[in-house]
> 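Just dropping this structure here.
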Amino acid sequence: MEQIVILDFGSQYTQVIARRIRECNVYSTILRFDTPAAEIAALKPKGLILSGGPSSVYASDAPLPDKAIFKLGIPVLGICYGVQILAQFLGGKVEKGEKREYGKGTLTVADSECALFQGLPKELQVWNSHGDKLTRLPKDFVVVGTTENSNYAAIEHSKKRYFGIQFHPEVVHSPRGKEILANFVHGVCGCGREWTMRNYVEQATEEIRRQVGSDRVILGLSGGVDSSVAAALIHRAIGDQLTCIFVNNGLLRAREAEVVQEVFGRNFKIRLQYEDATKLFLQKLKGVTDPERKRKVIGKAFVDVFQAATKRAGKAKFLAQGTLYPDVIESVPIAGNPAAMIKSHHNVGGLPKNMKFTLLEPLRQLFKDEVRQLGVELGLPKEIVQRQPFPGPGLAVRCLGAITGSKLEILRKSDAIVVEEMKAADLYYKTWQTFAVLLPVRSVGVQGDERTYDFTLAIRAVESQDGMTADWVKVPYDLLEKISTRITNEVRGINRVVLDITSKPPGTIEWE
Ligand code: XMP
């Protein structure tokens, strides 16, 4: 398949570049900055993008590419630090900037013939973030764009089809940046529009059949987007050779187990092994209040239940997992690259090594939004495809203090009201997460003529791009009022509802 290779020099935006290229229906792969040119050539890319990065080409530990990448004979687009690499390797000059230049700027296109700017106005809003500055053009390059602060904001070597831009076209603050990237991949590199989820279904189905042959596959279905889409895709490829194991740990939200059984069992007719472990989990969690301990108990119980379930499912060679592309990309360990430091602290551990399966990971090439599109393509309902992230330990992280069956019931009912009302107001799918948290705090209330001494429920609604940072959502007052009234009227055990108005940081999304 036609593809563009992106060399990652440690920019926090590298994955965003890859996504923008894929939004142009062109497949893109991220490789480490020092990947040997021969390895890149083997992929037969139609073009190369050099990402930005936090370093200076002058730093002693500056990430540098294999110089043979300039012998590949394919178009190159250097972005930000990528321009400095072009300069460094092709005879230009970079000078240390006094301070990093951040923020909005206006690009004036100096050469309207330049392939990058076809169909775009002469002035463009762009987003800058760079430290060092280009002060002399590399050999045979010409200026094709300038900004207030740079005479070399966009440069081109038309014969070799090399381009350099000092701003970031991939971020939303460069509103027409995507068109610049589209011009590069379609106009300069000549890529078509092969990368669509419809094509991917065909290609992935064949690949799964080839890999699995006549063997059997087991998949742990959580009901989350990734495992659900993986299940639907693998089922399409190999039908009954796939068995999905769904563990009900008793920490699911209202109707969750039913929806999974309805969608996968009844609609898709997938072989679904339903494991009701609700009692076991409750028993193991009895009296446990420490959040870390809760997670450990749940993790261990899950492995035990899942292992026993796989034995009952019969012999299988493969274990399918919904691993996504961001989990696969090796981040560049450069100081200042937040991507390198952000490693999910969640879901470490996983399944024990002694489970002897070959992994089947049909979503390894995809970003989350692509997985959602794939789900739609496969006919999964919105309820699953647009599902909000839900932690593995489930309601245990939203039921503070000791967990009991009756507390979980209170939480489930309240949470269902929050979700229902947010959906009715058309806000649910617009937020990253919206849920209820049951606090281990009782206070005095009055309901009817009676004095009550009941629990407090917190509403948490956040906006986020990736869960690493988050803002609390300003849910309209009248909606909050409706939610609060319904909960105190309909859920016995709650006499007070509060709203969490903390962002992350300093708070976390879950309360634990
Ligand atoms: P925090 O609470 O750390 O959560 O701000 C960040 C994001 O991660 C989700 N989360 C989890 N996801 N297993 C998961 O798969 C977990 O154990 C877990 N804990 C938190 C959380 O819902 C939020 O989206």
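Numbers for residues simply follow the sequence, beginning at 1. Whatever order the structure lists ligands and atoms in, that order sets their numbers, starting from 1. This one's a predicted model, so the numbers in the text were calculated from it and none came from an experiment. We use all heavy atoms of the structure for the numbers below, so side chains are in, but hydrogens, waters and symmetry mates are not.
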> Is it the case that the side chains of W195 and E370 hold a donor-acceptor pair, with the cut-off being a distance below 3.5 Å and no angle test?
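Looking only at side-chain atoms, W195 and E370 do form a donor-acceptor pair, the distance falling under 3.5 Å.
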> Taking salt bridge (Lys or Arg N to Asp or Glu O under 4.0 Å) as the test, write out the residues that go with E361, two or more places apart.
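With neighbours one apart ignored, the set is R364.
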> Relative to ligand 1, is Q433 under 4.0 angstrom through side chain, backbone, both or neither, heavy atoms considered?
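It is the side chain that touches ligand 1; the backbone stays farther off.
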> Check the surroundings of atom NZ in K482: do more than 12 heavy atoms from other residues, nucleotides or ligands lie under 6.0 Å from it?
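No, not enclosed.
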> Check this for me: K286, atom NZ, are more than 12 non-hydrogen atoms of other residues, nucleotides or ligands nearer than 6.0 Å?
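No.
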> Take a 6.0 Å sphere around NZ of K284 and say whether it holds more than 12 heavy atoms from other residues, nucleotides or ligands.
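At most 12 heavy atoms, drawn from other residues, nucleotides or ligands, come within 6.0 Å of this atom.
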> With no hydrogens and no angle check, just 3.5 Å: does a side-chain donor-acceptor pair link S11 and S51?
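On atom types as modelled, these side chains do not qualify, holding no pair under 3.5 Å.
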> Is there any N or O on P393 that sits under 3.5 Å from an N or O of ligand 1?
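In fact, backbone or side chain, P393 has no N or O that close.
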> Where's the contact between R295 and ligand 1, heavy-atom distance under 4.0 Å: side chain, backbone, both or neither?
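Within the 4.0 Å criterion, R295 contacts ligand 1 through side-chain atoms alone.
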> Using heavy-atom distances, let me know which of G507, G392, A470 sits nearest atom 14 (C) of ligand 1.
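The nearest heavy atom belongs to G392.
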> Show me which atoms of ligand 1 lie under 4.0 Å from any heavy atom of G467.
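Every atom of ligand 1 under 4.0 Å from some heavy atom of G467: 6 (C).
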> Would you mind running through ligand 1 and noting each atom that sits below 4.0 Å from a heavy atom of T508?
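Near T508, the atoms of ligand 1 are 1 (P), 2 (O), 5 (O).
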> Could you check whether any heavy atom of W432 sits closer than 4.0 Å to an atom of ligand 1, since that is the contact criterion I want to use?
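The answer is yes, since W432 has a heavy atom less than 4.0 Å from ligand 1.
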